[in-house]
*Asks:* 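So that we are looking at the same thing, I have put the structure below in structure tokens.
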Amino acid sequence: MQRAVSVVAHLGSRLQAFSPALCRPFSCAQEVLRRTPLYDFHLAHGGKMVAFAGWSLPVQYRDSHTDSHLHTRQHCSLFDVSHMLQTKILGSDRVKLMESLVVGDIAELRPNQGTLSLFTNEAGGILDDLIVTSTSEGHLYVVSNAGCWEKDLALMQDKVRELQNQGRDVGLEVLDNALLALQGTVTSGCPSPSLKKNVAMGYVPCEYSRPGTMLLVEVRRKQQMAVVSKMPFVPTNYYTLK
């Protein structure tokens, strides 16, 4: 089972969305889940398989989440994207099209360099996160969430938003051992085993986005302080092509 879509978009760009995994369906009590090519590999390494967006995927291996996190920081890890929406954007105006849909400087990406970015709506609010890579083959390669593939594909096809600069995505460090709920919008947040503190990403007005800015946040109906931090929280040490 393979999903393939080819459409013509505005600005001389062409979108080609696909899910390249060779899927092998199997039955379970509640639904029919699809399997990625790495399904047997996950089982062989103790993967605990769960249902996600119609796929059978590992939520954890034999080691704990903390062990996996620290291994990634100290060595490296690979992430299987065969279940996710993968879109090729072709055409002379592909960069202009992409920059009208996401935050981030796509034009400055080097060949085969990727960046984490965000789909936004007409008001500048965050709809979804994604990774955009400028390939040496002359197209943009976009990977977005499996659970939002219909919405994300429709967004790229319609191109109806104006990219409005009403806010900025920032990193936040909580100055106490608690989870974060920002007065505004939090896009993600979790404990950081590497930093031994809680961190999050939040969407704040531009005047509050400078690193070092103190923000009052609400945690379980109690107010406490957080500080805007530069990202990435942990400096990267991986190899990039020159």
*Asks:* Quick one: pull up CG in L90 and OH in Y141 and give me the separation to the nearest 0.5 Å.
*Replies:*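 That separation rounds to 13.5 Å.
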*Asks:* Using every non-hydrogen atom in the two residues, find where N145 and D129 come nearest and quote the distance to one decimal.
*Replies:*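 Looking at all heavy atoms of both residues, the closest pair is ND2-OD1, 2.9 Å.
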*Asks:* Given the rule in the side-chain contact (heavy atoms from CB on, under 4.5 Å) test, do D80 and H42 qualify, once you have shown the distances and angles that lead to the verdict?
*Replies:* CA-CA 11 Å; D80 176 25; H42 296 319; 4.2 Å; yes
*Asks:* Between D63 (side chain only) and S68 (backbone N and O only), is there a donor and an acceptor less than 3.5 Å apart?
*Replies:*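 No; zero donor-acceptor contacts below 3.5 Å.
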*Asks:* How about I89 and H139: do any of their side-chain heavy atoms sit closer than 4.5 Å?
*Replies:*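 No, their side chains stay 4.5 Å or more apart.
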*Asks:* In this structure, would L195 and M231 fall into the same cluster of hydrophobic residues linked by side-chain contacts under 4.5 Å?
*Replies:*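 Yes.
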*Asks:* Quick check: closest heavy atoms across P37 and S82, and the distance to 0.1 Å?
*Replies:*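 Heavy atoms of P37 and S82 come nearest at CD-OG, 3.8 Å.
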*Asks:* Please check this pair: side chain of E99 against backbone of D105, looking for a donor-acceptor N/O pair closer than 3.5 Å.
*Replies:*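 Not confirmed, E99 side chain does not pair with D105 backbone.
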*Asks:* Within this structure, what is the CZ-CD1 distance for the pair R94 and I106, rounded to the nearest 0.5 Å?
*Replies:*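 So the gap between those two atoms works out to 12.0 Å.
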*Asks:* Is the shortest heavy-atom distance from the side chain of V234 to the side chain of R73 under 4.5 Å?
*Replies:*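 Of all side-chain heavy-atom pairs linking R73 with V234, at least one is under 4.5 Å.
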*Asks:* Answer yes or no: is there a donor N or O on one side and an acceptor on the other, between the side chain of H75 and the main chain of H71, under 3.5 Å?
*Replies:*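 Checked: no pair found.
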*Asks:* Between M98 and L130, what is the shortest heavy-atom contact and its length?
*Replies:*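 Smallest heavy-atom distance, with atoms named: CE-CD1, 3.8 Å.
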*Asks:* Flag the pair V103 / T120 as yes when at least one side-chain heavy-atom distance between them is below 4.5 Å, and no otherwise.
*Replies:*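 Yes, close enough: below the 4.5 Å cut-off.
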*Asks:* How about M225 and L215: do any of their side-chain heavy atoms sit closer than 4.5 Å?
*Replies:*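 The answer is no; the side chains never approach within 4.5 Å.
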*Asks:* Between T133 and L140, is a side-chain contact (heavy atoms from CB on, under 4.5 Å) present by the stated rule, with each step listed?
*Replies:* CA-CA 6 Å; T133 300; L140 299 178; over 6 Å; no
*Asks:* Quick one, S194 and H69 - any side-chain contact, counting heavy atoms below 4.5 Å?
*Replies:*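 They are in contact (side-chain heavy atoms under 4.5 Å apart), so the answer is yes.
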*Asks:* With the side chain counted from C-beta on, respond yes when T135 and K88 share a heavy-atom pair under 4.5 Å apart, and no when they do not.
*Replies:*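 The answer is no; the side chains never approach within 4.5 Å.
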*Asks:* Using 30° and 60° as the class boundaries, would you call the ring planes of W55 and H83 parallel, tilted or perpendicular?
*Replies:*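 Answer is perpendicular, since the angle exceeds 60°.
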*Asks:* Where do S209 and V228 come nearest, in terms of heavy atoms and distance?
*Replies:*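 Minimum heavy-atom contact is O-CG1, 3.5 Å.
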*Asks:* Let me confirm one number: the CG-OG distance from L43 to S56, rounded to the nearest 0.5 Å.
*Replies:*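 L43 atom CG to S56 atom OG measures 7.5 Å (nearest 0.5 Å).
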*Asks:* Should F79 and M84 count as side-chain neighbours, where that means a heavy-atom distance under 4.5 Å?
*Replies:*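 Of all side-chain heavy-atom pairs linking M84 with F79, at least one is under 4.5 Å.
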*Asks:* Ignoring hydrogens and geometry, is there a side-chain-to-backbone donor-acceptor pair from Q86 to V143 under 3.5 Å?
*Replies:*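 No, the answer is negative, given that no donor and acceptor are paired below the 3.5 Å cut-off.
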*Asks:* Of all heavy-atom pairs between E108 and Q113, which one has the smallest distance, and what is that distance?
*Replies:*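 Closest heavy-atom pair between E108 and Q113: O-OE1, 4.2 Å.
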*Asks:* Between M49 and L33, does a side-chain contact (heavy atoms from CB on, under 4.5 Å) hold up when you go through it step by step?
*Replies:* CA-CA 11 Å; M49 310 302 288; L33 299 178; over 6 Å; no
*Asks:* What are the two closest heavy atoms between S192 and V199, and how far apart are they?
*Replies:*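 For S192 and V199, the tightest heavy-atom pair comes out as CB-CG2, 4.1 Å.
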*Asks:* Does any part of the side chain of T115, heavy atoms only, come nearer than 4.5 Å to the side chain of I131, both counted from C-beta?
*Replies:*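 Answer no - side chains too far apart.
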*Asks:* Please determine whether side-chain contact (heavy atoms from CB on, under 4.5 Å) holds for the pair L101 and F119, giving the CA-CA distance in whole Å, both sets of side-chain angles, and the decisive distance to 0.1 Å.
*Replies:* CA-CA 6 Å; L101 296 172; F119 278 132; 4.2 Å; yes
